[in-house]
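What you see is a predicted model; the values in this text were computed from it and never measured. Each chain gets a letter, A, B and so on, in the order the sequences are listed, and its residues count up from 1.
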There are 2 protein chains.
Amino acid sequence: MLTIGKLSRLTGVKVPTIRYYEQIGLLSCPERSEGGQRIYEMAVGQRLSFIRHARELGFSLDDIRELLTLSDEPDQSCAAVDEIAKRQLVEIEKRITRLTALKTEMRRMLDQCACQTVSTCRVIEVLGDHTLCTDDH
Amino acid sequence: MLTIGKLSRLTGVKVPTIRYYEQIGLLSCPERSEGGQRIYEMAVGQRLSFIRHARELGFSLDDIRELLTLSDEPDQSCAAVDEIAKRQLVEIEKRITRLTALKTEMRRMLDQCACQTVSTCRVIEVLGDHTLCTDDH
DNA sequence: CTTGCACCTCTAGTGACTAGAGCAATTATA
DNA sequence: TATAATTGCTCTAGTCACTAGAGGTGCAAG
């Protein structure tokens, strides 16, 4: 049996975040002590660690809600799980592509700047005129 | 002289976003027609395009506010401008590094999944147990 | 018994918009 | 000129995933 603080230390999820997850229905309401404090069973730690890890991998809370529902039905096909994970992978790849283009553009902008006065600043100039860009972004 | 709709089409910034920029002081209040509609001078288009382009490159509105202030003082050194841009570049690089680690982890997870039932699903398993990860994230 | 930390609820704030309601003004068509 | 369609106006509230803070209560150690 765990207080919310111990659960927090165990999982690395902050206390207000745990309460927030309860509020949005991602965690079910735990029992309370006589004084009204939350008392968690050990198993909640697993669930919360799952959530945390999935968040770290960039899954949205909605995705996680779905994954948790699916993981509660062990006999079902895991195709739906893979589907969510694949979608997430595609999203990550898209973001990488985009960020790489941005990086190129930023570096080019900075490399070209002779760094004198603002009136001749290449950074300001490029920001004001998209046609000076080579990459799509 | 432009209505807000024409300014929007000219710059690719949505109408409510233009009003929002005015609200937070990124654009100054334009004159109004007799009926109370906003009338913009052509020059505002430049400023708005600047903002849009900087947003596309991932600058925050606070950064942009600073860049706009700096660009209004053409005789000053552009070191401060470069500083902001460099900070932004570092941020982008950090995000790419992180996302690349995530991608590796996601792909590994998906590759290992034999895709049968949820009970044997590698995706669910890895999400529940961080120690199964190789990459930092 | 008291000190001090951990916990409680509730509200509001973050960033950068977006959506919608309920109107008014302007422009195009008949 | 009348009407219809489009565009504009303000204001409020919602998005996501929390985070911060106020003002109070519970609980365990010394």
Side-chain angles (χ1 to χ4, degrees), chain A residues 1-27 29-40 44 47-68 84 87-88 91-92 95 98 102, chain B residues 1-27 29-40 44 47-48 50-68 84 87-88 91-92 95 98 102 137:
Chain A
M1 295 304 199
L2 301 162
T3 63
I4 199 170
K6 281 177 193 155
L7 182 62
S8 170
R9 257 160 279 146
L10 194 69
T11 57
V13 179
K14 289 185 195 147
V15 169
T17 306
I18 297 174
R19 287 197 279 248
Y20 169 72
Y21 287 164
E22 180 184 323
Q23 193 193 317
I24 62 167
L26 213 57
L27 293 176
C29 299
E31 293 180 30
R32 300 286 183 130
S33 72
E34 293 201 3
Q37 305 199 346
R38 291 170 178 81
I39 315 258
Y40 293 95
V44 180
R47 194 175 174 90
L48 199 47
S49 296
F50 182 99
I51 296 172
R52 189 194 165 191
H53 195 193
R55 283 293 300 137
E56 283 172 354
L57 287 169
F59 288 89
S60 72
L61 290 182
D62 269 357
D63 280 343
I64 292 171
R65 202 188 298 272
E66 213 175 329
L67 287 170
L68 283 168
I84 296 171
R87 208 199 304 144
Q88 180 60 18
E91 273 312 303
I92 291 173
R95 266 185 272 163
R98 194 181 134 72
L102 294 195
Chain B
M1 294 304 198
L2 302 163
T3 62
I4 200 169
K6 282 178 193 154
L7 182 62
S8 170
R9 257 160 278 146
L10 194 69
T11 58
V13 179
K14 287 184 195 149
V15 170
T17 305
I18 297 174
R19 287 198 279 248
Y20 169 73
Y21 287 164
E22 180 184 323
Q23 194 194 315
I24 62 167
L26 213 56
L27 293 175
C29 300
E31 291 180 32
R32 299 286 184 128
S33 73
E34 293 200 4
Q37 305 199 345
R38 291 170 178 80
I39 315 255
Y40 293 95
V44 181
R47 194 175 173 92
L48 200 47
F50 181 100
I51 296 171
R52 188 195 166 192
H53 195 193
R55 283 295 298 138
E56 283 172 355
L57 288 169
F59 288 90
S60 72
L61 290 183
D62 270 356
D63 280 343
I64 292 170
R65 201 188 299 270
E66 212 175 330
L67 287 169
L68 283 168
I84 296 171
R87 208 198 306 143
Q88 180 61 17
E91 273 312 302
I92 291 174
R95 266 184 274 162
R98 192 181 136 73
L102 294 194
H137 53 256

Round to the nearest Å and state the distance from A:Glu34 atom CD to D:dG26 atom C1'. 11 Å

Do A:Ile39 and A:Pro30 have side chains that get closer than 4.5 Å, going by heavy atoms? no

Along DNA chain D (nearest heavy atom to each residue), the more 5'-positioned of B:Lys6 and B:Gln23: B:Lys6

Looking at DNA chain D, which of residues 55-67 of chain B put a heavy atom within less than 4.0 Å of it? none

Taking the side chain as everything from C-beta on, heavy atoms only, tell me whether B:Ile51 gets closer than 4.5 Å to B:Val13. no

Validation row: B:Ile84, B:Glu66 side chains within 4.5 angstrom (heavy atoms): yes

Please check: side-chain N/O of B:Gln88 versus main-chain N/O of B:Asp63, any donor-acceptor pairing under 3.5 Å? no

Report the residues that fulfil side chain to side chain donor-acceptor pair (under 3.5 Å) with A:Arg98, sequence neighbours left out, ordered by chain and then residue number. none

Could you say whether B:Gly35 or B:Tyr20 is positioned toward the 5' end of DNA chain C, judged by the nucleotide with the nearest heavy atom to each? B:Tyr20

For B:Ile24 and B:Arg65, work out which heavy atoms get closest and say how close. O-NH1, 3.0 Å

d(B:Ile64 CD1, B:Arg55 CZ) to nearest 0.5 Å is 5.5 Å

How bent is the helix from C:dC1-D:dG30 to C:dA30-D:dT1, comparing axes over its five end pairs at each side, to the nearest 10°? 10°

Between B:Tyr20 and B:Leu61, is any pair of side-chain heavy atoms under 4.5 Å apart? yes

Between atom CD1 in B:Ile18 and atom P in D:dT10, what is the gap in whole Å? 13 Å

Counting any heavy atom closer than 4.0 Å, what does B:Arg38 reach on the DNA or RNA strands: base, sugar-phosphate only, or nothing? sugar-phosphate

Whole angstrom is fine here: how far is it from CD1 in B:Ile39 over to C1' in D:dC9? 13 Å

Atom pair CG/OH of B:Leu10 and B:Tyr40 - distance to nearest 0.5 Å: 12.5 Å

So do B:Arg32 and B:Arg38 actually touch side chain to side chain, heavy atoms under 4.5 Å? yes

Do A:Arg95 and B:Arg95 touch side chain to side chain, with heavy atoms closer than 4.5 Å? no

Report yes if at least one side-chain N or O of A:Arg52 is closer than 4.0 Å to OP1 or OP2 of D:dA17; otherwise report no. no

Need two values: the first and the last nucleotide of DNA chain C, 5' to 3', having an atom under 4.0 Å from any heavy-atom of chain A. C:dC7 to C:dT9

Rounded to whole Å, the CZ-P distance (A:Arg19 to D:dC18) equals 15 Å

A:Leu48 pairs by side-chain contact (heavy atoms from CB on, under 4.5 Å) with which of A:Thr17, A:Leu26, A:Leu27? A:Leu27

Less than 4.5 Å apart, side chain to side chain, heavy atoms only: is that true for B:Leu2 and B:Val44? no

For DNA chain D, what residues of residues 8-17 of chain A have any heavy atom nearer than 4.0 Å? A:Lys14, A:Thr17

Would you tell me if any nitrogen or oxygen in the side chain of A:Ser33 comes within less than 4.0 Å of OP1 or OP2 on D:dG26? no

By side chain to side chain donor-acceptor pair (under 3.5 Å), A:Glu56 pairs with (sequence neighbours left out) A:Arg52

